[in-house]
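Some notes on the structure that comes next.
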Amino acid sequence: QVQLVESGGGLVQAGGSLRLSCAASTRTFSYYAMGWFRQAPGKERELVAGISRDGGSTFYADSVKGRFTISRDNAKSMVYLQMNSLKPEDTAVYYCAADYSRSYGYSGSSYDYWGQGTQVTVSS
């Protein structure tokens, strides 16, 4: 069983930045690819960014490419999402998820464990 705990969400003005963190309670963190998903009210959950278990491969949704950066620290069992140039349309609950696989999946069904989510609200 892996517990994931997100932090770092909040309210920010458009153009601002936030850094989300996700702490994993497992000694085998390096066995998991990680993903950040988000879900806005009335919308489907979407993969925002993914990172392979060694950090060598990353994925970004087109809507965040060039603005968001995913990274991980396997020694600390942490994954991060640096979000810059935030837009009101980035408003959502953000979840980190762990996929017991070498690389990230694109579908939520690929992931084995989920955090409780952290709210990000971007005001215009």
Side-chain angles (χ1 to χ4, degrees):
Q1 188 75 11
V2 177
Q3 290 188 329
L4 302 173
V5 179
E6 302 98 335
S7 60
L11 174 64
V12 64
Q13 288 188 331
S17 298
L18 284 174
R19 188 194 196 205
L20 305 184
S21 299
C22 175
S25 64
T26 175
R27 296 179 181 178
T28 59
F29 180 70
S30 62
Y31 292 4
Y32 292 86
M34 299 298 294
W36 282 98
F37 287 78
R38 69 185 181 188
Q39 187 165 22
K43 295 189 177 181
E44 292 188 355
R45 181 178 58 191
E46 63 171 339
L47 176 65
V48 174
I51 188 165
S52 60
R53 60 188 186 189
D54 65 355
S57 178
T58 57
F59 164 84
Y60 297 97
D62 287 343
S63 58
V64 306
K65 203 169 291 183
R67 300 189 296 122
F68 289 12
T69 303
I70 188 171
S71 61
R72 66 188 296 159
D73 184 335
N74 285 349
K76 296 181 179 180
S77 298
M78 297 287 295
V79 63
Y80 307 98
L81 186 68
Q82 178 67 44
M83 305 186 294
N84 298 329
S85 302
L86 282 161
K87 303 175 181 180
E89 51 263 44
D90 294 318
T91 295
V93 178
Y94 284 71
Y95 301 89
C96 72
D99 179 358
Y100 190 72
S101 177
R102 177 174 297 175
S103 191
Y104 43 83
Y106 296 96
S107 169
S109 61
S110 299
Y111 292 78
D112 304 288
Y113 300 101
W114 293 81
Q116 82 289 349
T118 186
Q119 176 71 46
V120 171
T121 303
V122 184
S123 63
S124 57

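In this text the structure is predicted, and so the values were computed from the model without any measurement. Below, all heavy atoms of this structure are taken into account, side chains as well, without hydrogens, waters or symmetry copies.
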(message) Is there a path of hydrophobic side-chain contacts, each under 4.5 Å between heavy atoms of I/L/V/M/F/W/Y residues, joining V122 to V93?
(response) no
(request) State plainly whether one hydrophobic cluster holds both V120 and V64, where clusters connect Ile, Leu, Val, Met, Phe, Trp and Tyr through side-chain heavy atoms under 4.5 angstrom apart. (result) yes
(message) For a side chain to side chain contact (heavy atoms under 4.5 Å, CB included) check, start with the C-alpha distance between R19 and M83, then their side-chain angles and the critical distance, and finish with the verdict.
(response) CA-CA 6 Å; R19 188 194 196 205; M83 305 186 294; over 6 Å; no
(request) Give, for atom CD1 of I70 and atom OH of Y104, the distance between the pair rounded to the nearest 0.5 Å. (result) 9.5 Å
(request) Evaluate whether atom CD of Q119 has more than 12 neighbouring non-hydrogen atoms of other residues, nucleotides or ligands under 6.0 angstrom away. (result) yes
(message) Is it the case that the side chain of S52 and the backbone of S103 share a donor-acceptor pair, with hydrogens and angles ignored and the cut-off at 3.5 Å?
(response) no
(message) If we count only N and O atoms by modelled type, under 3.5 Å, do the side chains of T28 and Y100 hold a donor and an acceptor together?
(response) no
(message) Could you go through S110 and D99, starting from their C-alpha distance and side-chain angles, then the distance that decides it, and tell me whether this counts as side-chain hydrogen bond (donor to acceptor under 3.5 Å, both in side chains)?
(response) CA-CA 6 Å; S110 299; D99 179 358; 4.8 Å; no
(message) Ring centroids only, cut at 6.0 angstrom: are F37 and Y111 within range, meaning strictly under it?
(response) yes
(message) Tell me if a side-chain donor or acceptor on E6 pairs with a main-chain N or O of G117 at a distance below 3.5 Å.
(response) yes
(request) Mind checking side chain to side chain donor-acceptor pair (under 3.5 Å) for T69 and listing every partner two or more places apart, or none if nothing turns up? (result) none
(message) Has D112 got a side-chain atom pairing as donor or acceptor with Y32's backbone, closer than 3.5 angstrom?
(response) no
(message) For the OH atom of Y113 and the OG atom of S25, what is their distance to the nearest 0.5 Å?
(response) 9.5 Å
(request) Taking atom NZ of K65 as the centre, report whether more than 12 heavy atoms of other residues, nucleotides or ligands fall under 6.0 Å from it. (result) yes
(message) Ignoring hydrogens, what is the shortest heavy-atom contact between A40 and A92? Give both atom names and the distance.
(response) N-CB, 3.8 Å
(request) Kindly check if the number of other-residue, nucleotide or ligand heavy atoms within 6.0 Å of OH (Y31) is above 12? (result) no
(message) Does R45 qualify as a cation-pi partner of W114, given the criterion of NZ or CZ under 6.0 Å from the six-membered ring centre and within 45 degrees of its axis?
(response) yes
(request) Please confirm whether R72 makes a cation-pi placement over F29, using NZ or CZ under 6.0 Å from the six-membered ring centre and within 45° of the ring normal. (result) yes
(request) Would you kindly confirm whether Y60 and I51 end up in one hydrophobic cluster when ILVMFWY residues are joined by side chain heavy atoms under 4.5 Å apart? (result) yes
(message) Grouping I, L, V, M, F, W and Y whenever their side-chain heavy atoms are under 4.5 Å apart, do L4 and L20 come out in a common cluster?
(response) yes
(message) For T26, is there any backbone N or O sitting under 3.5 Å from a side-chain donor or acceptor partner on S77?
(response) yes
(message) According to salt bridge (Lys or Arg N to Asp or Glu O under 4.0 Å), who are the partners of D90, at least two apart in sequence or on a separate chain?
(response) R38, R67
(request) Can you measure from OG1 (T58) to CE (M34) and round to the nearest 0.5 angstrom? (result) 14.5 Å
(request) Group every Ile, Leu, Val, Met, Phe, Trp and Tyr by side-chain heavy-atom contacts under 4.5 Å, then state whether Y80 and W36 land in the same group. (result) no
(request) Take the angle between the ring planes of F68 and Y94 and call it parallel below 30°, perpendicular above 60°, tilted in between. (result) tilted
(request) State the OG-CG distance between S17 and L86, to the nearest 0.5 angstrom. (result) 6.0 Å
(request) Nearest 0.5 Å please: distance from the OG atom of S123 over to the CD atom of Q13. (result) 5.0 Å
(request) Identify the heavy atoms of A49 and L81 that sit nearest to each other, and give their distance. (result) CB-CD1, 4.0 Å
(message) As an exercise, state the distance from CG of D73 to OG of S21, rounded to the nearest 0.5 Å.
(response) 10.5 Å
